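In what follows, a single structure is set out as C-alpha cells and then discussed.
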Amino acid sequence: MSVRRKLTDYLPTVVPLSFLGAFVIYPVAAVILDGLVNGPGQTLPEVLSSSITLRTVSFTLLQSALSVALSLLLGVPGAFLISRLRFRGKALVRAAIVIPFVLPPIAVVVGFLRMLGSNGILDQLAMLLIGSPTSVLNLATGLPGIVLAHAFYNTPLVILMISASLEKLSPEVEESADILGASTIQKLRHIVLPHIAAALLSAAMLVFLFCFMSFPIILALGQEDYVTIEVEIWYAFRYFDYGKASSLALIQVCVTLSLASVYALSARKPAAQATHTLSIKTRGISELGLAEKVAVITYMAILTILVAGPIASIAYAAVYDPVSNQYTLRGLQNLLDPAPGGGLVALANSIFYSTMATVLSLALALPLAYARRSSKRRMSTLTSGMVLLPLGVSSITTAYGLLRMVAVPLGWNRNPWPIIVMAQTIIGLPFTTRSIENSLSAVSPDYLEQAESLGADRMQRLFFVEIPLLAPGIVVGGVFAFAMAIGEMSATLFIALPQNVTLAVATYGYLGVRKFVEAGAAALVIVIACIAAFITIERLSHGGSGGALSWSE
Amino acid sequence: MQREFDDGTRIGPIHLTIEDGEALCLLGPSGSGKTTTLRMVAGFIKPQGGRLTFDGVDMTDVPPRQRGIGMVFQSVALFPNMDVYRNIAFGPGIAGWEHPRVVDRVIELADMLEIRQLLRRRVREVSGGEAQRVALARALANEPRLLLLDEPLSSLDPQLADKLQSVIRHIQKKLRTTMIYVTHSQSEAFAVADKIAVLKDGVVSQVGTPDELYNNPASSFIAGFIGAGNTFVARVESEREGYSTVSFSGREFRVMGSSKKGASVSVMVRPQDVELSRSPMEGSFAASVQSVTPQMGSHRITVECDGTQLTAWIPDTELADTVGMQEPATVYVRFRPDSGRILG
C-alpha cells in the first residue's frame, strides 16, 4: 500500500482519536494518578480498607444487581409480547418503548417523585382509599425508588434486545420442536432460552453497567442515605478528598472497563443462531386463552404505570405545586425569568451548549463511524474501544479530569463552557457514532461500484451517492447528540459555575430547595425536547431508533 | 379441509385420502396452496371447515405435538444450539424413550442416511445436503405415523437434490412410512411419489399416479404443468370407438377420446410427438419458427400456426441448426399417429 493511500485511510480518524485521547484518556488518567500520588486526602490503601468503601461498593453492586433483576423480570415478558403478539398499534408501542431511554435521568426523577413519591399521585390515591390524613406510600426514594427508576430506564433496553433476538429465531425451528412433541415449557427450555441466552447476558451486562455508573438518580432519589461509588466520588471531590476520589474512580474504572470489554467481546462473537427469518411466528390477541389475556393485561397495566406514569407526571409536576397544594403557572413563567436564579439563563445555556455539542459530535462521529467499519481489524478494534470508552468511564471523573487537567491550564476555569460542551459531546458520542455507523452499513458497496461503473469519480460518488444515502443517518446522529446533551446533568453539574447552569442542573437545584413546580417546568422542557428528538429519529430512521440502541448487533 | 385467510386467499375444500405406506406428493406452482395444505395436516394452521382423520380418528383439534408426525422443513430448521446427535435424539428424548433405545434409533437412522460420522458435529458445521439428511433423520426418529416434507430439496443444487430424492424414496419404501411431500418440481414429484395431487389456486385439480397424470391430464393446465404438453383447440369431425377425428389448421387427424361431432375441444400433444420437417410431409401443415433453444441432446423448437404456439423436442441437431439459421423459417408440422388426446 502506498504511503499516500495509508495517509488518506488513517488521517480522518486521527482528529477524533486525538480528541478522545486528549479529552478523555489524558484528563481521567492524569487526575486519577495525581489524586493517588499527591492527594490530598485518603490514600488508596486507606480507601480500600475503609468500611465506608466496603459499604459503598456493596450498595453499588446490590442496587445494580436488583435493578438488573427487575429490568429482566419486567423486560423479558415484554420482549415476548412485542415479538410474538399481533395487535393494533404495535408499531406505535414498539416505538414508544424507546422513549424512556432518551429521557434525561433528572427529568425522570421529577416524574418519579410526583408519581410514586410521598404525597405523589399514587400516595394520594392510597391515602384516599384507606382514609389516612398522612402520607402512606413512598416508592420514589431510597432503594425502591432507585431500583424502580433504573427499571424504568432499562426495561425498554431489555425488551428491545431480547425481542430482536427472539425475532431471529426461525419459526420453523420452533415448529420442528412442536412436531417432535415438545410442550411449551420444553420448547422454552430446549429451544427458546438457549437461543436468547446470549442476548439475555448482553442485556444484563449492559443494564448492570448503566446502573453501576448511574448518578443523577442515585443522587436525587438516594438523598444522601444511599450512596454508590459514583456519588461517593462526587462527595469526595466536593470535600477536596482527592485521594479518596481518585482511589474510588480507579476502582470504578477497573470494574466498568472489564465489564465493558467482556460485553464488547460477547457482542462481537457471531451468533450461532443468526438464521435469516422469513416470517416471525405471531399470534393475535383473539387467539389467546383467558388466563393468557389476563396475564397480558396485567403486565401492560404494570408497565404503563411504571413507564407512562412518571412521564405523564412530569407534565403534572410542571403545573401542580405539592407544597401549596395548588395549580400554578409559576414554574413555566420562571423559565422566561432573566433574573439570576431564573430559568431563562438555564434555557439559553441548554440550547447553546447542546447545539455546540451536536456540531462537535457529528464532526467526530463521522470519521469514527467510517473507521469502525474499516476492513482493517486493528483500526476497527481501536476505534471501537475508543468510541465505547465514554460508556465505561464515569462522567463525574471525566468532568473532574476535564476541569483540572484541561480547563485550569487553559485558563477556562472562570467560564468553563467549552468544557461543558466537550463533556456533553463525549457522553453522547457512542450513540451518535452508532447511528451513523448504522446508516453507513445500509450503504451497500454495490451502489458505489455501480456509480463507479457508470463513470462517477471519487468526489461524485461521495456527493451524489454516499452523502445523500447517509443524510438521514447523520441527522439521526445529530438529534441523538442534541438529546443526550440537553439531558446531561452529571458532568455539567460538576463543571458549571452559576452562569453556566443548564436546565438539567437547574432542575436538580430547584428540587434541592423544594421549588417543585420550577423543577417540573424545567424538566418538562427537556422532556419535550427529547421526545421531539425521538420522533424525528423515528421518522428518519423508519423505526428502530436509528439502531443506536442495538448494541448487540 | 378448507381455510380462508384475511387477505382473501382461499384454500380448499381439499379432499384427499392417503393409504398406509403411500407417498403422496402435493405438486403445484408457487401460491397454489401446497404448503398451507401441508401445514393444516401438521396442525400449524387450523382449518375453518372440514376434518382431518388419521386411521379414522379425528385429528382436527389435536395440537401438532400430539399428532405423531415427523416434518422436514424447507429451511431445515435444525436446532442451532444442539449437535447433530442431539437434534436427532430430541424427539425420542421428549417422548421419554429409554436412553439405550434412543441411542440405537439415532445410530440406525444415521447409518441409513450415511451421516454417522456427523453425529458429534455442530449444526453449523454440516453442509446443506448433510443438513437435509439430519433433518430427515430427526423427523423419522420418533417413528412417526406420517412424514411431511415441505419442499425439502429446493435450496440444494440439482445434482445433490437428485441424489437425495432417491435417498428419500428408498427410505420411505424401506420404512413403509406414509408420506406427504410438497414440491413445485414435476421431476421431483415423479421421483418420490406413488400418487400425485396437483394443486391450483387452492384446490386439487387432479389426483393420480404419475403415469395417469402424464397420460391422462384432466385439463390443459395439468397437461402444460406436467410434461410441458401442447394444447390447442380443434373441431371434432367424427367419432368412433373412443377415437375422434379432429381438424386443426386445415388438416384432419385422429386423437384419443370422444366428443360430439362439431364440438370444439382442447387437444393435447406432447412435444416429443410433434414432428417437424423443412419439406411438406403427408398430413403436415405449415408453421413459422419462433425460437430454437438447444437442450441436452435435443432442441426445443417453438413454432406458430394459426395463432397457436406449439413446442417440439427434436433430437435432430442438423434440422434445428438449419431452422435456427433461417429464422423465421417456414417448417411443416405433423403429429405422430394417435398421439393426441382430447382433454377434460
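Just so it is clear, the model here is predicted, and its values are computed rather than measured. By convention in this document, chain letters (A, B, ...) are assigned in the order of the sequence lines, proteins followed by strands, and residues within each chain are numbered from 1.
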What is the minimum heavy-atom distance between A:Ser176 and B:Phe73, and which atoms define it?
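Minimum heavy-atom separation between A:Ser176 and B:Phe73: OG-CE1, 3.1 Å.
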
Which pair of heavy atoms, one from A:Ala182 and one from B:Arg65, lies closest together, and at what distance?
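Shortest heavy-atom separation between A:Ala182 and B:Arg65 comes out as O-CD, 3.0 Å.
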
Whether over 12 other heavy atoms sit under 6.0 Å from [X] [atom1]:
{"X": "B:Lys173", "atom1": "NZ", "answer": "yes"}
{"X": "A:Arg189", "atom1": "CZ", "answer": "no"}
{"X": "B:Asp6", "atom1": "CG", "answer": "no"}
{"X": "B:Gln117", "atom1": "CD", "answer": "yes"}

If you count heavy-atom pairs under 4.5 Å between each of B:Asp150, B:Val123, B:Asn81 and chain A, which one has the most?
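Looking at each of B:Asp150, B:Val123, B:Asn81 in turn, B:Asn81 comes out on top.
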
Greatest number of heavy atom pairs closer than 4.5 Å to chain A - which of B:Arg86, B:Met71, B:Gln74:
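The candidate making the most pairs under 4.5 Å is B:Met71.
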
With a 4.5 angstrom heavy-atom cut-off, could you sort out which part of B:Ala42 is near chain A: side chain, backbone, both or neither?
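For B:Ala42, heavy atoms of backbone and side chain both lie under 4.5 Å from chain A.
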
Non-hydrogen atoms of chain A under 4.5 Å away: do they reach the side chain of B:Leu78, the backbone, both or neither?
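B:Leu78 touches chain A through backbone heavy atoms alone.
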
Atom [atom1] in [X], atom [atom2] in [Y]: separation rounded to 0.5 Å?
{"X": "B:Phe90", "Y": "A:Gln186", "atom1": "CZ", "atom2": "CD", "result": "7.0 Å"}
{"X": "B:Ile88", "Y": "A:Leu180", "atom1": "CD1", "atom2": "CG", "result": "11.0 Å"}
{"X": "A:Ile179", "Y": "B:Gln66", "atom1": "CD1", "atom2": "CD", "result": "12.0 Å"}

So do B:Met82 and A:Ile191 actually touch side chain to side chain, heavy atoms under 4.5 Å?
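Side chain of A:Ile191 against side chain of B:Met82, heavy atoms only: contact under 4.5 Å found.
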
Taking the ring of A:His190 and the ring of B:Phe79, is the distance between their centroids below 6.0 Å?
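No; A:His190 has its ring centre 6.0 Å or more from that of B:Phe79.
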
